[in-house]
Amino acid sequence: DGDLIDPFGGQEDLKNRLLRTVGNARDRFSEDYLRIIRAARFGSRLSMSIDPELLEAARELGHQIPHFVSIERITDEFKKARLHGEPFLKVLQEMNLLEIILPYSAKLDQHQLHDWFIEVGRAGKLDMESYFTAIFLPCGSKQEIENQCRLFKLSNALSKCIIQISTHFTTFGDQAIPLEDNLHIVRHCADNYPRILDFYQLVINDGLSTAAIDQAKAELESIQGALQ
């Protein structure tokens with residue numbers, strides 16, 4: 001007769017923008033621990049509040065994820081979260097999952113976390129390469145970033161671009177490095193240089209002084225002009 005049967009109150013939750021599991025959250029997560037990350041993705045994408053029981057269960061059971069969930073499934077969730085990367089990382093942090101999935105994030109203070117979340121969110125709007133570059137940048141060294149690419153089992157092409165961007169972007173805007181050297185770096189990256197220039201433009205606007213922004217923008221314009 002067209003009546004909606006809603007035994008779990010889903011319509012009311014949607015109206016209140018509340019994310020809950022069907023039944024006991026611990027039971028649902030114990031059936032498949034990936035559901036914890038998926039809950040973070042759904043909640044962040046739809047800007048929903050997290051039910052206290054769900055949040056408590058996620059914090060209690062999150063340590064099981066590395067033991068029972070394949071890295072391929074975790075990577076897939078990160079890829080699906082690309083266009084809302086900033087709130088996704090924030091919900092992971094709220095669930096105490098960030099240091100479990102991305103252990104290197106533990107070394108960041110609150111100010112650094114805040115800036116990192118913003119950078120990941122902006123990078124996600126560019127493309128997958130920039131998105132994962134921003135996620136892995138806090139690792140610091142090229143070797144650690146390479147390790148993360150392998151750990152997440154990213155494709156060779158995606159990993160190559162991530163490593164190129166992360167290796168070279170730190171030299172950009174440094175007045176001690178001649179323009180010719182930066183031009184050589186970008187040209188060395190061949191077909192990936194447009195992505196690298198986009199990423200440079202992204203980080204120019206984050207955390208730099210006015211003088212550094214002016215220097216970086218001038219250098220970017222010089223590189224773009226030389227490449228045309």
Side-chain angles (χ1 to χ4, degrees), residues 5-121 123-124 128 131-140 144-145 147-154:
I5 300 174
D6 184 15
F8 296 101
Q11 290 294 305
E12 189 68 18
D13 288 344
L14 287 173
K15 186 171 87 171
N16 295 326
R17 305 199 67 78
L18 177 67
L19 184 67
R20 290 196 303 150
T21 58
V22 175
N24 184 280
R26 288 172 179 79
D27 292 342
R28 298 292 81 79
F29 289 157
S30 296
E31 292 166 357
D32 182 0
Y33 293 107
L34 183 72
R35 289 175 179 169
I36 303 176
I37 301 178
R38 194 166 289 158
R41 179 167 64 83
F42 287 163
S44 59
R45 180 169 67 88
L46 301 173
S47 301
M48 300 179 77
S49 299
I50 306 297
D51 176 67
E53 181 190 341
L54 187 158
L55 183 60
E56 183 180 349
R59 290 172 173 173
E60 179 183 323
L61 300 174
H63 68 280
Q64 300 284 11
I65 291 173
H67 305 292
F68 292 97
V69 181
S70 70
I71 192 60
E72 291 90 347
R73 299 180 73 204
I74 295 173
T75 299
D76 190 52
E77 290 299 313
F78 270 75
K79 288 180 177 179
K80 290 176 180 177
R82 176 172 71 86
L83 295 179
H84 54 280
E86 180 181 354
F88 177 59
L89 291 186
K90 287 181 177 178
V91 177
L92 290 179
Q93 182 188 34
E94 185 180 11
M95 291 180 168
N96 294 340
L97 299 179
L98 202 57
E99 294 182 15
I100 292 173
I101 302 171
L102 303 171
Y104 53 83
S105 65
K107 67 184 181 182
L108 303 179
D109 60 30
Q110 287 304 309
H111 178 73
Q112 291 170 324
L113 281 171
H114 175 266
D115 290 347
W116 180 42
F117 293 161
I118 292 175
E119 187 171 300
V120 170
M128 195 68 73
Y131 172 60
F132 273 105
T133 299
I135 289 175
F136 294 158
L137 271 177
C139 289
E144 287 302 314
I145 292 174
N147 290 342
Q148 285 299 311
C149 289
R150 284 193 292 269
L151 175 63
F152 275 71
K153 296 193 175 179
L154 302 180

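Every value quoted in this text rests on a predicted model; they were computed, and no experiment measured them.
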Measuring from [X]:[atom1] to [Y]:[atom2], what's the distance to the nearest 0.5 Å?
X	Y	atom1	atom2	result
Trp116	Leu98	CH2	CG	4.5 Å
Leu92	Phe117	CG	CZ	8.5 Å
Ile65	Asp32	CD1	CG	9.5 Å
Leu34	Arg41	CG	CZ	8.5 Å
Ile145	Leu151	CD1	CG	13.5 Å
Ile36	Leu55	CD1	CG	11.0 Å

Can you name the ring pair (Phe, Tyr, Trp, His ring centres under 6.0 Å) partners of Tyr104, sequence neighbours left out? none
Can you sort out the partners of Phe42 under ring pair (Phe, Tyr, Trp, His ring centres under 6.0 Å), two or more places apart, ordered by chain and number? none
Hey, does [Y] have a side-chain heavy atom less than 4.5 Å from the side chain of [X]?
X	Y	answer
Ile101	Phe78	yes
Leu154	Lys79	yes
Lys90	Leu113	no
Phe136	Asn147	no
Val91	Met95	yes
Leu83	Tyr131	no

Residues forming a side-chain hydrogen bond (donor to acceptor under 3.5 Å, both in side chains) with Lys107, sequence neighbours excluded: none
Asn96: which residues meet the side-chain hydrogen bond (donor to acceptor under 3.5 Å, both in side chains) condition with it, sequence neighbours left out? none
Identify the two heavy atoms, one from [X] and one from [Y], that lie closest to each other, and give their separation to 0.1 Å.
X	Y	answer
Arg28	Gly23	NH1-CA, 3.9 Å
Leu97	Ala58	CD2-O, 4.2 Å
Glu53	Ala25	OE2-N, 3.2 Å
Leu19	Ala39	CD2-O, 3.2 Å
His84	Ser44	CD2-OG, 3.0 Å
Leu54	Ile50	CD2-CG2, 3.6 Å

Would you find a donor on one side and an acceptor on the other, under 3.5 Å apart, between the side chain of Arg35 and the backbone of Phe29? no
Can you label the angle between the Tyr33 ring and the Phe68 ring as parallel, tilted or perpendicular, going by 30° and 60°? tilted
How are the rings of His111 and His114 set to each other: parallel, tilted or perpendicular (split at 30° and 60°)? parallel
Salt bridge (Lys or Arg N to Asp or Glu O under 4.0 Å) contacts in which one or both residues fall within residues 131-140, not counting sequence neighbours: none
Taking the basic N atoms (NZ, or NE/NH1/NH2) and the acidic carboxylate oxygens, is any pair closer than 4.0 Å for Glu77 and Arg73? no
Output every pair passing side chain to side chain donor-acceptor pair (under 3.5 Å) with a member in residues 54-65, not counting sequence neighbours, ordered by first then second residue. Arg26-Glu56, Arg26-Glu60
Assess whether atom NE2 of His67 is packed by more than 12 heavy atoms of other residues, nucleotides or ligands within 6.0 Å. yes
